[in-house]
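Every heavy atom of this structure was used, including side-chain atoms; hydrogens, water molecules and symmetry mates were not.
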Amino acid sequence: MILKDKALSTSNYAKIKAGQKQELDVAFYLRRAFKDHGQVFVFNDVKFKHNGETAQIDHLIAYTYGFILIESKSITGEVTINEHQEWSRSYRGNWQGMPSPIKQVELQLELLKSLMRDNAPNLLTKLFGKLQQGFGGREWHSICAISSNAIINRKNTPKTIEERLVKSEFITDKLLEIMKLPASKPNALHLFTTNVRPWFSEETLDRICQFILDQNISPNLQKPSYVPAEISESESVYGDTLIASEQTITAQVKPKTDLIKEIALACKQCNSSSNLQPLSGRYGYFVKCGNCSANTPMKMPCPNCSSSNTKTSKRRESYSLVCKDCEISTPIKL
C-alpha cells in the first residue's frame, strides 16, 4: 500500500530534476507492485528529525518483518565501485569520485533504528502483558536503486555492495527477494512452522506506519492515513529523452544574472541585521544577536533553488551557504 507520495520540486535545475525523475521512476515501480499489498507499506520522500539529527529517505518500506530503505541515485553514464567501496562515475568521458549512496542510506537507517527503539513502548505491545518488546530481531535492510540507463561496472565491486545495488526496473524483484513474504499474514499458527522470523502484528504495523507519517516533516501530497495514492503513472518511465542531455541542461540552468549574490542574515527573533556574532556549536554555525541574545542558524534553504540540502562553509572570517543540489555557493553577509 502506498502511504506517502513524493513531494515534487519546482526547481528548474537539471541536477535536481534528474534526481526527481529517478525517484519518480522508482516510486512508479513500487506503486505497480505494492499498491494493493496488505503486508507492504511504501513511503516515498520521508524526512524526520531525531536526537538533533535529520534524515531524508527517498523510499521507505515497512513490511511484516521489518524495514527496507532505498536510496535513489540518478546516474547518466558509467558507475564503478572499487574494492575499497569507493565510488566513481563518468559523464561524457570524464571520471570523478562521488559520495557512496550506500553509506548515505546506512546513516539514514541507523537514525531510523534509533527513532524506533526510543519509541518502542508506544509502538510495540508487551508479551503476556508484562515484557516490553523491542525492535531486536526485526529485519533492517538498505539498498541503492540506480538509473536504468546507467552502466554498472561490477568487476571489482565487493559482493556485500553488489548485492545491494540494483537498477530501477529490477527494484521490486530485489525487494521480494529480501522480504520473502508468506502467502498470508503471519499469525499464532506460524509458531509451529519453519518461519521463525519475528513479525509485526497487523495492529502493530498499522501503529508503526501511522507513527512514520506523524514523524514526517516533508510535504505530503496524498490523502491522509491509509488511502492508496492516486498518482498518475510517471511519464519519465517511458520517456526517450535523457534529462542529462546537453540540450536539456542548457535549457534548464538558470542564467547567472538571476542568482542571489549574497544572503543578508538577520536575527530570527528581533529581525536585526546588525550586532550579530558568528559562532559554531553542536549543530553547526550560527549567529548570536547582541540585541536580544537569540541564536539564529546560518544553515537555511538555498536561495537559488530552494533545496534544503545545504551546508554552511567557513573560510577564514567569511561564511557561505553551499547547496549540494545546484552546487552554488552563496556568501553570507554578517
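Between the side chains of Gln210 and Asp214, at least one donor N or O sits under 3.5 Å from an acceptor N or O. Using modelled atom types and a 3.5 Å distance limit, the side chains of Trp199 and Thr64 yield no donor-acceptor pair. Using modelled atom types, one finds a donor on one side chain and an acceptor on the other under 3.5 Å when comparing Asn291 with Ser272. Counting only N and O atoms by type, the side chains of Asn295 and Gln269 include no donor and acceptor under 3.5 Å apart.
Classified by interplanar angle (parallel below 30°, tilted 30° to 60°, perpendicular above 60°), the ring pair Phe67/Phe135 is tilted.
Residues forming a side chain to side chain donor-acceptor pair (under 3.5 Å) with His50 (at least two apart in sequence, or on another chain): Ser114, Asp118. Taking the side chain to side chain contact (heavy atoms under 4.5 Å, CB included) definition, one finds that Ala33 meets it with Thr172, sequence neighbours left out. Taking Asp58 as the reference, Glu23, Glu71, Ser72 meet the side chain to side chain contact (heavy atoms under 4.5 Å, CB included) condition, with sequence neighbours excluded. Partners of Met300 by side chain to side chain contact (heavy atoms under 4.5 Å, CB included), not counting sequence neighbours, listed by chain and number: Ile263, Leu265, Leu321. Among residues two or more places apart in sequence or in another chain, the side chain to side chain donor-acceptor pair (under 3.5 Å) test is passed with Arg138 by Gln133. By the side chain to side chain contact (heavy atoms under 4.5 Å, CB included) test, Lys333 is found to be paired with Glu262, residues two or more places apart in sequence or in another chain being considered.
Of the residues listed (Ile70, Ile61, Leu60), the one engaging Val42 in a side chain to side chain contact (heavy atoms under 4.5 Å, CB included) is Ile61, and it is the only one. With Ser148 as reference, Glu169 is the one residue of Glu169, Gln22, Lys167 to meet the side chain to side chain donor-acceptor pair (under 3.5 Å) rule.
No continuous path of hydrophobic side-chain contacts links Ile146 to Phe170 [ILVMFWY only; heavy atoms under 4.5 Å].
Ser74 approaches Arg89 most closely through the heavy-atom pair O-NH2, 3.0 Å. Heavy-atom minimum distance, Phe48 versus Gln108: CZ-O, 4.5 Å.
No donor-acceptor distance shorter than 3.5 angstrom exists from the side chain of Ser147 to the backbone of Ala150, with no hydrogens or angles considered.
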